[in-house]
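Beneath this line is the structure, given in structure tokens, with notes to follow.
We name chains A, B, ... by the order of the sequence lines, and we start the count at 1 in each one.
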Protein chains: 2
Amino acid sequence: MLVSVKSTPKTSARKAQIMGVSLELMRKLGYQGTSMRDIASAVKMEAASLYNHISGKEVILSETCFQMAERLLQGLAEVNDIYFNPTEKLSLAVKNHVKVLTEYTHAGWVFVHEWRHLSEENRLHFVALRDDYEKGFTTILKQGEDEGVFQDVNNKFAVLTILATLNWVVEWYKPQGDMTPEQIAEKLTEFILSGLKKENN
Amino acid sequence: MLVSVKSTPKTSARKAQIMGVSLELMRKLGYQGTSMRDIASAVKMEAASLYNHISGKEVILSETCFQMAERLLQGLAEVNDIYFNPTEKLSLAVKNHVKVLTEYTHAGWVFVHEWRHLSEENRLHFVALRDDYEKGFTTILKQGEDEGVFQDVNNKFAVLTILATLNWVVEWYKPQGDMTPEQIAEKLTEFILSGLKKENN
DNA sequence: GACGCTAACTAACATTTGTTAGTTGCAAAC
DNA sequence: GTTTGCAACTAACAAATGTTAGTTAGCGTC
């Protein structure tokens, strides 16, 4: 017999609302520029009441940053697990990155810009994840070089440049803009691959 | 007879020191995260004494942002005045951008990241300058297309991507790193041109 | 009807913040 | 030698900040 199990949501609707509103505000005002009272008044309650739902201001930032990092890392891991062709790998990694950033626009912006306001401990953890992610890209580039399809380049430099290009998407992407995330990903892939492929010089 | 004219410096040494220290702090802590007391103690005086040299916290930000904007715009104007070949123009525009950002590392970082904390009025002005700068790049791309040396691309998208790539330099450039500004500019030019040139597809 | 849980509230707290007012020591200018 | 002005100081202010304490209203469960 089929029963719709009413599983308790691991994060309440109210908390989700607070998180969403917070990210929206932080995108406009920055993390430090957004006060608990700003957030409270945006969800029509008193600042103190927020503490019934979240344990403090920093968890808004840390949960966001780590969630986004998780999403990006997982996408990259899948790409590396499933595919073999480095060109294909890179193209899918780009697609995943753009997809995550455009699916969660506010979180994406906060993730890209405000991670440096994490507490010491969280920041170190975050940077470690970031380094892992960069290494994942470096591996793809190396593979491409070894197989002779990518030029030999300064890998650190190339990866940073690629991620720069990808991250800047949060700056101007608007859901109602004239390019879909897929189109953006495609164009960026073209752009990036044209700078790496061996045929060009 | 030669006399060394002791022209009154338009900005005193003390003020320059305060500005420099402020930018250094702001790079670490952000604009909002840097207090007047932080700045004061870094130059070994009381917060109130800062007001003998600067009229308020925001001028640190606004002077920095507008000075950097000025430098970038002037470089771009020169390029557009002197040269004709769009490939050459673009390459020199990139070189100028990298040169400015790497010559003034702290100011560059603050300029790229903290302009949004300018007062309403200053922010609008700043954004207008930014738009001018972007238009300068768009013009170069258009010329390249008209002359048949660049692919036809979505210009807005291309310019934003190019500037993203260039601006990210402030994130990782270290004066004692293993690439000189010239080398960085050269590599970035290669990368960008490979995505624009018509021969590649 | 008593109990406990949830989610809101009011009040208050200790700090921190940017800035102003008023004062003082000192060196250059007259 | 007096005056002037710069650059530092101390003291203070009003506002804002993140957070805690204590209370209360409503609602489902025993």
Please report, rounded to the nearest Å, how far the P atom of D:dC9 is from the CE atom of B:M36. 14 Å
Which nucleotide in the set C:dG18, D:dA11, D:dA21 lies at the smallest distance from any side-chain heavy atom of B:A48? D:dA11
List the steps, then state whether side-chain contact (heavy atoms from CB on, under 4.5 Å) holds for B:E171 with B:V112. CA-CA 10 Å; B:E171 217 61 51; B:V112 168; 5.8 Å; no
Is there a side chain to side chain donor-acceptor pair (under 3.5 Å) between B:K89 and B:Q143 once you walk through the steps? CA-CA 10 Å; B:K89 273 191 187 177; B:Q143 191 195 341; 3.0 Å; yes
Mind calculating the distance between CE (B:M26) and C1' (C:dG18) to the nearest angstrom? 12 Å
Do the side-chain N or O atoms of A:S49 get closer than 4.0 angstrom to the phosphate oxygens (OP1, OP2) of C:dA7? no
Over how many whole Å does the gap from B:Y51 atom OH to D:dT10 atom C1' extend? 16 Å
Side chain to side chain donor-acceptor pair (under 3.5 Å) assessment of B:E147 paired with B:N85: CA-CA 9 Å; B:E147 297 185 10; B:N85 178 338; over 6 Å; no
How would you label the contact of B:S35 with the nucleic acid (heavy atoms, under 4.0 Å): base, sugar-phosphate, or nothing? sugar-phosphate
Using a 3.5 Å distance criterion without hydrogens, assess whether the side chain of A:D38 forms a donor-acceptor pair with backbone atoms of A:S35. yes
In whole angstroms, the gap separating P of C:dT17 from CD of B:E58 amounts to 18 Å
Whole-Å distance separating the NZ atom of A:K57 from the P atom of D:dT19: 8 Å
Where the side chain of A:N52 is concerned, which of D:dT19, C:dA8, C:dT19 is the nearest nucleotide? C:dA8
Calculate the interatomic distance between B:Q32 atom CD and D:dA15 atom P; express it in whole Å. 20 Å
Quiz item: cation-pi between A:K57 and A:Y31, 6.0 Å / 45°: yes
Checking contacts here: which listed nucleotide (D:dC9, C:dT19, C:dT10) is nearest the side-chain heavy atoms of A:E46? C:dT10
Rounded distance in Å - CE (A:M45) to P (D:dT19): 16 Å
Please give, in whole Å, the distance from D:dC9 P to B:K44 NZ? 12 Å
Could you tell me whether A:T34 contacts a base, only the sugar-phosphate backbone, or nothing, with contacts defined as non-hydrogen atoms closer than 4.0 Å? sugar-phosphate
Considering just the side-chain nitrogens and oxygens of B:H53, establish if one lies under 4.0 Å of OP1 or OP2 belonging to D:dC6. no
With respect to the phosphate group of D:dA8, does any side-chain polar atom (N or O) of B:R14 fall under 4.0 Å of OP1 or OP2? yes
